[in-house]
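Right, one structure below, let's go through it.
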Amino acid sequence: MGGAAAAAAVALLAATRRRPAAGPLAFLLPRAARAGLHEAAAPAAEEEKGRTRRRRRRRSSSSRLLGPDIPDTWDPPPRAAARPPPPSGAGVDYDSTATIINGKSVAEDIRFQIAEEVCQMKNAVGHVPGLAVVLVGDRRDSESYVRYKIKGCEEVGIKSLLAELPGNCTEDVVVDSVSRFNEDPSVHGILVQLPLPQHMDEERVLSAISLEKDVDGFHPLNVGDLALRSRKPLFVPCAAKACLELLLQSGIELMGKHVTVIGRSKVVGLPTSLLLQRHHATVSIIHAFTTNPEEITRQSDIVISAAGVANLVRGSWLKKGAVVIDVGTNPIEDPTSDYGYRLTGDVCFEEAVKVASAITPVPGGVGPVTIAMLLANTLDSAKLAYGLATESHEL
């Protein structure tokens with residue numbers, strides 16, 4: 001009997017060793033058999049733990065967390081600059097007409113105030129603000145924008161300096177030009193006209209501008225301070241300030257409103273969205289990869305478009321009574337124009353004006369106010385340099 005029992009125990013132990021792990025009845029085995037079972041299961045457990053370690057997720061790299069660096073490339077504007085009209089019954093009411101937000105009038109009032117303060121500064125300290133502009137290349141639109149900015153300086157008494165550089169110059173040449181203006185005490189604002197040629201690193205050039213002279217508001221520290229509500233940037237980007245100025249001057253309520261910003265560039269879209277959040281608006285951002293832009297904008301109380309695509313926003317994109325700020329300035333071929341082209345916005349004005357409650361025209365809307373804000377930033381920079389009090393503006 002003893003030999004038969006021992007043989008049975010050995011057979012049972014051999015059978016359990018062939019199992020990958022202990023089963024729920026392992027506690028019925030004698031202690032010696034259970035010890036042998038654990039010894040047999042140990043290698044399998046180690047092997048399983050090794051597989052588990054290999055399956056653990058790796059921490060994402062910084063580049064992955066920051067996302068792919070893909071430029072926003074919108075559909076090119078149609079050659080005729082007119083997309084097909086919205087389908088009938090698209091919910092568009094063409095019986096009303098929006099109020100036109102007159103940017104020229106707003107800009108004129110701002111320039112008048114700046115001219116008075118420049119005159120007071122000259123009488124007080126014997127100096128006037130100075131704005132230096134760096135223009136690289138011969139882009140027709142950039143030359144036009146620079147011309148308007150210099151003309152604006154002349155109208156309010158601000159001294160302007162222009163550094164014109166060839167498009168094939170090196171990035172170092174542009175940085176050297178910026179550095180010279182940084183060291184010039186008569187220059188209180190430095191502006192590098194964008195875009196720069198493709199072979200140049202815009203971030204490096206813009207970062208070379210002294211923080212105290214970054215009147216365009218593109219310096220990383222100014223943008224960072226704008227993003228943090230507890231901090232105040234020295235300068236806010238001019239187009240973003242212009243959008244907010246037009247809304248505030250028109251008595252448009254921002255707190256709690258749903259605002260959609262179309263475009264996310266560092267020039268307009270990004271700073272505008274940050275500025276709107278300081279006013280406690282609920283902000284949606286649409287970019288070239290957004291799958292349902294029309295649906296999002298149709299839910300918005302305010303639409304600010306800075307995509308750079310002519311007639312992108314149709315009347316069918318807007319809900320009844322929305323406020324529309326059109327930042328786009330897109331040149332369209334026009335043989336009847338003296339310049340061979342005309343400017344049109346991102347918004348199809350003829351359709352939007354019959355749906356919106358208020359809208360900015362192009363030209364004559366955001367553009368003039370943007371230049372006025374550049375002059376205001378330059379004036380504020382000069383006040384800081386000469387120890388004069390600056391007006392505290394609510395962001």
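Quick note: residue numbers are just sequence positions, from 1. Heavy-atom basis, side chains included; hydrogens, waters and symmetry copies ignored.
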Determine, stepwise, if the pair M121 / K383 fulfils side chain to side chain contact (heavy atoms under 4.5 Å, CB included). CA-CA 8 Å; M121 176 181 289; K383 286 180 176 180; 3.7 Å; yes
Working for side chain to side chain contact (heavy atoms under 4.5 Å, CB included), residues S305 and I325: CA-CA 6 Å; S305 186; I325 304 295; over 6 Å; no
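Using a 4.5 Å cut-off on side-chain heavy atoms (C-beta onward), D184 and N182 make no contact. At least one side-chain heavy atom of E117 sits less than 4.5 Å from a side-chain heavy atom of L379. Using a 4.5 Å cut-off on side-chain heavy atoms (C-beta onward), C348 and V313 make no contact. Between K159 and H127, every side-chain heavy-atom pair lies at or beyond the 4.5 Å cut-off. No side-chain heavy atom of F349 sits under 4.5 Å from any side-chain heavy atom of V362. Put simply, the side chain of R298 does not reach to within 4.5 Å of the side chain of W317, judged on heavy atoms. Residues K266 and L206 are in side-chain contact: their nearest non-hydrogen atoms beyond the backbone lie under 4.5 Å apart. Using a 4.5 Å heavy-atom cutoff, the side chains of V175 and R204 are in contact.
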Using a 3.5 Å cut-off and no angle test, enumerate the donor-acceptor pairs between side-chain atoms of residues 246-262 and protein atoms at least two apart in sequence or in another chain.
unit_1 : atom_1 : unit_2 : atom_2 : d
Q249   : NE2    : E245   : OE2    : 2.7
S250   : OG     : L246   : O      : 2.7
E253   : OE2    : M255   : N      : 3.4
H258   : ND1    : Q299   : O      : 3.3
H258   : NE2    : S284   : OG     : 2.8
T260   : OG1    : S300   : OG     : 2.4

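Counting heavy-atom neighbours within 6.0 Å of D138 CG, excluding the residue itself, gives a total of 12 or less.
In this structure a side-chain-to-backbone donor-acceptor pair under 3.5 Å is missing from T378 to V215.
Ring to ring, F235 and H219 are not that close: their centroids are 6.0 angstrom or more apart.
Taking CG of D216 as the start and CD1 of I209 as the end, the distance is 7.0 Å to the nearest 0.5 Å.
In summary, the side chains of N311 and D346 do not present any donor paired with an acceptor at a separation below 3.5 Å, with no hydrogens or angles considered.
Listed by chain and residue number, nothing satisfies the salt bridge (charged side-chain N to carboxylate O under 4.0 Å, His left out) test with E116 (two or more places apart in sequence, or in another chain). Residues passing the salt bridge (charged side-chain N to carboxylate O under 4.0 Å, His left out) test with D109: none are found, sequence neighbours excluded.
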